[in-house]
2 protein chains.
Amino acid sequence: MYAVKQVSTLTGVSEATLRVWERRYGIVQPARSPGGYRQYDDDQVATLRAMAALVHDGVPASIAARTLLGSDVRPRVATAGTDGASFDLVSAATLLDPGLIHAVLADAFAASTFDVVVDCWLPSELKRLGEAWEGGSLTVAQEHFASAAVTRHLAARFEDVPPQGGAPVLVGLPQGGRHEVMLMAFAACLRREGVNAIYLGADVPLGDWSMVASEVGARVAVLGVHLDADVSPAQAVVDELSALRPPVTVRVGGRNRHLIRGARQLEDRVSQAAAAIARDLRAGAA
Amino acid sequence: MYAVKQVSTLTGVSEATLRVWERRYGIVQPARSPGGYRQYDDDQVATLRAMAALVHDGVPASIAARTLLGSDVRPRVATAGTDGASFDLVSAATLLDPGLIHAVLADAFAASTFDVVVDCWLPSELKRLGEAWEGGSLTVAQEHFASAAVTRHLAARFEDVPPQGGAPVLVGLPQGGRHEVMLMAFAACLRREGVNAIYLGADVPLGDWSMVASEVGARVAVLGVHLDADVSPAQAVVDELSALRPPVTVRVGGRNRHLIRGARQLEDRVSQAAAAIARDLRAGAA
DNA sequence: GCCGTCCGTCCAATGTTTGTATAAGGTTGC
DNA sequence: GCAACCTTATACAAACATTGGACGGACGGC
């Protein structure tokens, strides 16, 4: 339990603003002490953090609030029919139900904006999926089923946006890399930002990066570094691309991105990272 | 939901122009806040981006608007090569041009029916792609780029069809299997036939097949057997599934399908194979 | 050159949204 | 009792949007 002043420190939002967000948008409804003091719990602090992040990015407060309330960071899916339980990716994976997973994804994307789904909902669901797999409650096939469905959905979103010209940006995983889901999400964000993203996918051999970069005249490449095994091949890619003349700027994302030297680390949130790249490209082009 | 300022940043179109496009051409009609502020959704932003791209390429705004409004959501991609040359997958892969490959695929699917594209055009293009790769005129990255784009396109087609109930059919590659393109094409055909296809994707471990089959009560599984290395894991899957009670009928497709024992071989052409399965299921259910 | 059309920008008056400031008073814990 | 903390309610200003008309550069036909 946190008092308003602590929450203000924790979130970087002034106390007055916290109160006004509550009154105007109902973003959280903290419990009250006997004397009427607000008492926030951890979930509410997390929601307020998300709200603060959105507002910081220029989303109007009213819309940010509606987005967060609508998605609830875990969309309650009232799937027609069944027992009214709240379904999520893990449930859909367990049941191997194409209709259900389709509904879960459609609802998640309908309840909120693309950016919020990709930044908030998707990572948390993938994390739960990974935990369920590690915990043995999900088979590889079930995990495949779910991540293939998510990737397909994202691919469809990627394809929805007609590719545009402009400075090309390579997107891929280093040799040996798998786990394409967030990479696809990132590519979709990039293309939605109007960036000419060239999606190379998983497991791109070392030598190909520089060959492709010079072929299309790319000056920027984005590399996903997720597993420990990805670090060394990724470092090799960075070294190779940096040695080119003119050099190719490499940006790295993923859990292990901080282990890579000579490349700029991407922002935590996918949409932020994509927006930053788009901004830099526009600035560079201007 | 996006406010006008965000949309302006997102699309690179000034706020005044966004309003004037709306007023003069009705290109989008955003919802309004209680106070009358515009609130754009994702689709509208996508439309505006397409509009901006067209205008940027020199299309007069009035025409661009009519094109976008008239043709539903089919912005015609300004193909780089307007010289009338017939482009193909290999050229698009060589150039690593997202716009071109998008156009190639859109043209292919527009020029004839889905079945014809998947049965005739796609295999021959993939064959040419493979030959170019083996001949060294295409790098792995270029091959990835093209097959990822095709897979995405097919995935979007798969997602277009809402999944239906009915007897489930498992679709996947055995342990170690890659090359998902034709598998995805097959899954898309199946779903278009109204079959409840459960797409497991590549590299599904041996033990998972029977686990998944009993989980969802599948009586039919489709297995792709492409490479020589896939034969032995595929045979193991067939043996395992056949041993279940009740047994799961396995159908095998792909270049090396004739090396598998105890499973029915699928027809040569993907659409034929999918139609046959759909027919059998209907007959079995009826 | 002249005219008409197209299209992005600018303007001004008005209204909305949002964070902050203020006043008056209650709660908490030492 | 007292200082620090919190409450509600009202007020306010800066930032943001709205409408509709007017303006001027670009382009094409005559």
Side-chain angles (χ1 to χ4, degrees), chain A residues 1-41 44-45 47-70 113 194 282 286, chain B residues 1-41 44-45 47-70 75 78:
Chain A
M1 286 302 189
Y2 308 91
V4 73
K5 186 165 193 175
Q6 292 176 279
V7 176
S8 173
T9 325
L10 251 36
T11 58
V13 178
S14 83
E15 303 171 32
T17 303
L18 288 174
R19 283 189 276 258
V20 99
W21 281 356
E22 180 186 329
R23 182 159 51 84
R24 289 183 182 152
Y25 316 118
I27 177 70
V28 291
Q29 269 140 297
R32 296 301 183 117
S33 78
Y37 282 21
R38 288 172 177 77
Q39 298 184 317
Y40 299 84
D41 65 25
Q44 292 168 328
V45 173
T47 303
L48 289 167
R49 271 222 185 83
M51 172 94 178
L54 287 175
V55 170
H56 177 80
D57 291 351
V59 180
S62 53
I63 293 179
R66 197 181 331 146
T67 312
L68 289 173
L69 287 176
T113 69
R282 275 195 292 271
Chain B
M1 288 299 194
Y2 305 90
V4 74
K5 187 170 190 174
Q6 291 178 281
V7 176
S8 173
T9 332
L10 251 35
T11 58
V13 177
S14 81
E15 302 173 31
T17 303
L18 287 174
R19 281 188 276 258
V20 103
W21 281 357
E22 180 186 331
R23 191 172 70 200
R24 289 183 182 151
Y25 317 117
I27 177 70
V28 290
Q29 270 139 294
R32 297 300 183 117
S33 79
Y37 281 21
R38 287 171 177 78
Q39 298 188 319
Y40 299 83
D41 64 24
Q44 292 167 329
V45 173
T47 305
L48 288 168
R49 244 201 273 264
M51 172 97 178
L54 288 175
V55 170
H56 179 79
D57 290 349
V59 181
S62 52
I63 310 266
R66 205 179 321 144
T67 311
L68 288 173
L69 287 175

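Throughout, a chain's letter reflects where its sequence line sits, starting with A, and its residues are numbered from 1.
- Within the 4.0 Å cut-off from OP1 or OP2 of C:dC7, at least one side-chain nitrogen or oxygen of B:Tyr25 is found.
- Among the heavy atoms of the strands lying under 4.0 Å from A:Arg38 are primed sugar atoms or P, OP1, OP2 only; no base atom is included.
- With hydrogens and angles ignored, the 3.5 Å screen pairs a side-chain donor or acceptor of A:Thr67 with a backbone N or O of A:Ile63.
- Taking atom CD on B:Glu15 and atom P on D:dT19, their separation rounds to 13 Å, with Å as the unit.
- Separating the OH atom of A:Tyr37 from the C1' atom of C:dG26 is a distance of 7 Å, rounded to the nearest angstrom.
- Listed pair B:Thr17 / C:dT9 meets the phosphate criterion, a side-chain N or O lying under 4.0 Å from OP1 or OP2.
- Phosphate contact (OP1/OP2 of C:dG19, side-chain N/O of A:Trp21, threshold under 4.0 Å): present.
- Which of C:dT28, D:dT18, D:dT8 sits closest to the side chain of A:Arg32 comes down to D:dT8.
- Screening B:Leu18, B:Val20, B:Leu48 for a side chain to side chain contact (heavy atoms under 4.5 Å, CB included) with B:Val13, the sole residue that qualifies is B:Leu18.
- If you take CD of A:Gln6 and C1' of D:dC6, they are 13 Å apart, rounded to a whole angstrom.
- The CG atom of B:Leu68 sits 9.5 Å away from atom CH2 of B:Trp21, with the distance rounded to the nearest 0.5 Å.
- Regarding B:Gln39, its CD atom lies at a distance of 17 Å from the P atom of D:dC16, rounded to whole Å.
- Atom pair B:Arg23:CZ and C:dT9:C1' shows a separation of 11 Å (rounding to whole Å applied).
- Of the side-chain N and O atoms in A:Ser62, one or more sit less than 4.0 angstrom from OP1 or OP2 of C:dT18.
- Of the listed residues (B:Gln44, B:Arg38, B:Gln29), just one forms a side-chain hydrogen bond (donor to acceptor under 3.5 Å, both in side chains) with B:Glu22, and that residue is B:Arg38.
- The base of C:dG8 is paired with the side chain of B:Arg24 by a donor and an acceptor separated by under 3.5 Å.
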**Asked** When you look at A:Tyr40 and A:Val4, which way does the side-chain contact (heavy atoms from CB on, under 4.5 Å) test go after all the steps?
**Response** CA-CA 7 Å; A:Tyr40 299 84; A:Val4 73; 3.8 Å; yes
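- Here B:Ser33 does not reach the OP1 or OP2 of C:dT16: none of its side-chain N or O atoms lies under 4.0 Å away.
- Nucleotide D:dC16 holds its C1' atom 15 Å from the CG atom of B:Leu18, rounded to whole Å.
- In this structure, B:Gly36 and B:Val20 both approach DNA chain D, and ranking their closest nucleotides by distance from the 5' end singles out B:Gly36.
- Atom CD1 in A:Ile27 sits about 12 Å away from atom P in C:dG19, given to the nearest Å.
- Phosphate proximity of D:dT7 to A:Arg19: present, with a side-chain N or O under 4.0 Å from OP1 or OP2.
- Protein atom OH of B:Tyr40 is 10 Å distant from nucleotide atom P of D:dA17, rounded to whole Å.
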